[in-house]
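Labels below follow one simple rule: chain letters A, B, ... track the order of the sequence lines, proteins then strands, and each chain is numbered from 1.
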2 protein chains.
Amino acid sequence: MPRKPEARQKLLAAFEHLVLTEGERAATLDAVAAQAGVSKGGLLYHFPHRQALVDAALARCEELAAEDLSRLTASPRGAAREFLATSVYEDSPLDRSLGVAFRLVQAREPGARETCARVERHWYHAVLEDVGDPVVATAVQAMGDGLYQQASMGLLPESSAEKRQILERLLESLERLAP
Amino acid sequence: MPRKPEARQKLLAAFEHLVLTEGERAATLDAVAAQAGVSKGGLLYHFPHRQALVDAALARCEELAAEDLSRLTASPRGAAREFLATSVYEDSPLDRSLGVAFRLVQAREPGARETCARVERHWYHAVLEDVGDPVVATAVQAMGDGLYQQASMGLLPESSAEKRQILERLLESLERLAP
DNA sequence: TTAACTGTACCGTCTGGACGGTAAAGACTG
DNA sequence: CAGTCTTTACCGTCCAGACGGTACAGTTAA
């Protein structure tokens, strides 16, 4: 029996890690291979070219987002509140994957924009179905995106106490908008 | 009298244009020089290395943001409403410069994060002074950032009618939050 | 045996940057 | 005011290194 291709997942994780912490430019083939503890030849065995890494990262993002969507719609406190509450960057697999996707959009990687657009649309519809009001849904989506924007720029405070305060303020806003 | 360095401004504009439309990776020295209609040597006369281009773009961003801040605080309808209303990407010099700064943050350019953090802080304080409530101020800032996030990912609709609708929804939310 | 690698040696292209040259506008000097 | 010097504002070329990608021979574990 062949060994399990565990290197493939390590490579993808290494790619995500490098994109998130060092920027897309730093995620070169050599860097990804080194980060994963895999030879360059091994990398190119699993991902015959760089685009394959990008595609895999985007596919994983859509996969995780789809899982998250069913979690949102099933939440007892409603999709809107659940969406906001989990929009604060917490380094979950989805957070990481989404952060990677956002950066790939900025790097003008083919397909990245479409992936993010689909994910956004699904979330918007889930929130809208929850609150019923397009005004509130638009506000919730903008706030969620704003949190990601701040997180992806490293503008959010480090301490979870301060992050919690920001989150509570946004949830309080939602409470006033959709009591 | 020395000739006016009009090439310098053309080069900075070319750099911004390339970062915004093609991504930071595409804004190479050759590309910037070609876009500005200047030789590579000419570029390196004004900006001795690539970092100088980045620094100049960030300095311009802080400059424009400072101008905008006084505009916000002087607005008759209040800083919060004025902030939201001008957060929809309209390709103003500030919008462009800020978009460039955001992308430079994602590209992990030194100093970019600090520039954006300063600008955000100033805006937050201006909005807070207007509305008086940290809950509302945090919500307004998140919504503004969300708009920029969406714009920088090309997720906002093309037509100004649809953009206006989004903006009106956010302004309506603000009306409900701070009547 | 075979899939899953490692390791090395390349290749063509692109990139940031170094460098030497040049044209013209002032400034200085006689 | 003519001749020379200096500074400014560029141009064009060259280069070392990095990058994506290829090729292929060897190694390891199920």
Side-chain angles (χ1 to χ4, degrees), chain A residues 1-60 100 103-104 106-112, chain B residues 1-60 100 103-104 106-112:
Chain A
M1 269 288 239
R3 271 183 290 169
K4 277 190 187 169
E6 57 179 28
R8 194 178 197 278
Q9 298 167 46
K10 279 204 292 183
L11 285 163
L12 226 131
F15 178 69
E16 290 187 347
H17 179 261
L18 281 169
V19 168
L20 282 175
T21 62
E22 311 273 342
E24 190 263 347
R25 275 187 88 162
T28 67
L29 296 190
D30 284 307
V32 169
Q35 175 77 27
V38 169
S39 71
K40 190 176 175 181
L43 191 168
L44 288 163
Y45 174 79
H46 292 289
F47 303 96
H49 39 254
R50 207 183 114 97
Q51 187 63 40
L53 268 172
V54 171
D55 293 342
L58 291 176
R60 179 170 159 78
V100 169
R103 281 157 203 254
L104 293 178
Q106 318 243 299
R108 305 275 144 164
E109 290 289 352
Chain B
M1 271 282 246
R3 271 181 291 169
K4 275 191 186 167
E6 59 178 29
R8 195 177 197 278
Q9 298 168 45
K10 279 204 292 183
L11 285 163
L12 237 166
F15 177 69
E16 291 187 347
H17 179 261
L18 282 169
V19 168
L20 283 175
T21 62
E22 312 273 341
E24 190 263 346
R25 269 189 100 162
T28 67
L29 297 190
D30 283 306
V32 170
Q35 176 77 29
V38 169
S39 75
K40 192 175 177 182
L43 192 168
L44 288 164
Y45 172 78
H46 292 288
F47 303 96
H49 40 255
R50 209 184 112 96
Q51 187 61 41
L53 266 172
V54 172
D55 293 344
L58 291 175
R60 179 172 159 78
V100 169
R103 282 157 201 253
L104 294 178
Q106 318 246 298
R108 304 275 143 165
E109 290 289 352

What pairs with [X] under side-chain contact (heavy atoms from CB on, under 4.5 Å), at least two apart in sequence or on another chain?
X	value
B/Phe47	B/Arg8, B/Leu11, B/Leu12, B/Leu43, B/Ala52, B/Leu53, B/Ala56
A/Lys10	A/Ala36
A/Glu22	A/Leu18, A/Ala26
A/Leu20	A/Tyr89, A/Arg96, A/Val100, A/Arg103

### Query
A/Arg108: what forms a side-chain hydrogen bond (donor to acceptor under 3.5 Å, both in side chains) with it, not counting sequence neighbours?
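Once residues adjacent in sequence are excluded, A/Arg108 has no partner under the side-chain hydrogen bond (donor to acceptor under 3.5 Å, both in side chains) criterion.
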#### Entry: Partners passing side-chain hydrogen bond (donor to acceptor under 3.5 Å, both in side chains) against A/Glu24 (at least two apart in sequence or in another chain)
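With neighbours one apart ignored, the set is A/Arg50, B/Arg25.
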#### Entry: Distance-minimising heavy-atom pair for A/Ala57 and A/Leu104
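Here A/Ala57 and A/Leu104 meet closest at CB-CD1, 4.4 Å.
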### Task
Determine the minimum heavy-atom distance between A/Val38 and A/Ala7, stating which atoms define it.
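Taking A/Val38 first and A/Ala7 second, the nearest heavy atoms are CG2-CB, 4.0 Å.
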### Task
Let me know the distance between CZ of B/Phe47 and P of D/dA9, rounded to the nearest Å.
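Answer to the nearest Å: 12 Å.
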### Task
Would you jot down, in residue-number order, the residues of residues 15-24 of chain A having a non-hydrogen atom under 4.0 Å from DNA chain C?
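The stretch gives none, as no residue of it lies under 4.0 Å from the strand.
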#### Entry: Residue pairs involving residues 33-49 of chain B (criterion salt bridge (charged side-chain N to carboxylate O under 4.0 Å, His left out); sequence neighbours excluded)
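Every salt bridge (charged side-chain N to carboxylate O under 4.0 Å, His left out) pair that includes a residue of residues 33-49 of chain B, provided the two are not neighbours, is B/Asp30-B/Lys40.
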### Query
Phosphate oxygens OP1/OP2 of D/dA9: is one of them under 4.0 Å from a side-chain N or O of B/Tyr45?
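Looking at the OP1 and OP2 atoms of D/dA9, one of them is under 4.0 Å from a side-chain N or O of B/Tyr45.
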#### Entry: Any B/His46 side-chain N or O less than 4.0 Å from OP1/OP2 of D/dA9
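So the side chain of B/His46 is outside the cut-off, no N or O lying under 4.0 Å from OP1 or OP2 of D/dA9.
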### Query
Given pairs defined as Watson-Crick or G-U wobble with both distances under 3.5 Å, what dot-bracket annotation applies to DNA chain D, with ( ) intrastrand, [ ] crossing, | other strand and . unpaired?
||||||||||||||||||||||||||||||
### Task
Enter the distance from A/Asp55:CG to A/His49:NE2 here, rounded to the nearest 0.5 Å.
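These two atoms lie 7.0 Å from each other.
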### Task
Mark up nucleotides 11-18 of chain C, 5' to 3', with B wherever a protein heavy atom is under 4.0 angstrom from a base atom, S wherever such an atom reaches only the sugar-phosphate, and - elsewhere.
----SBB-
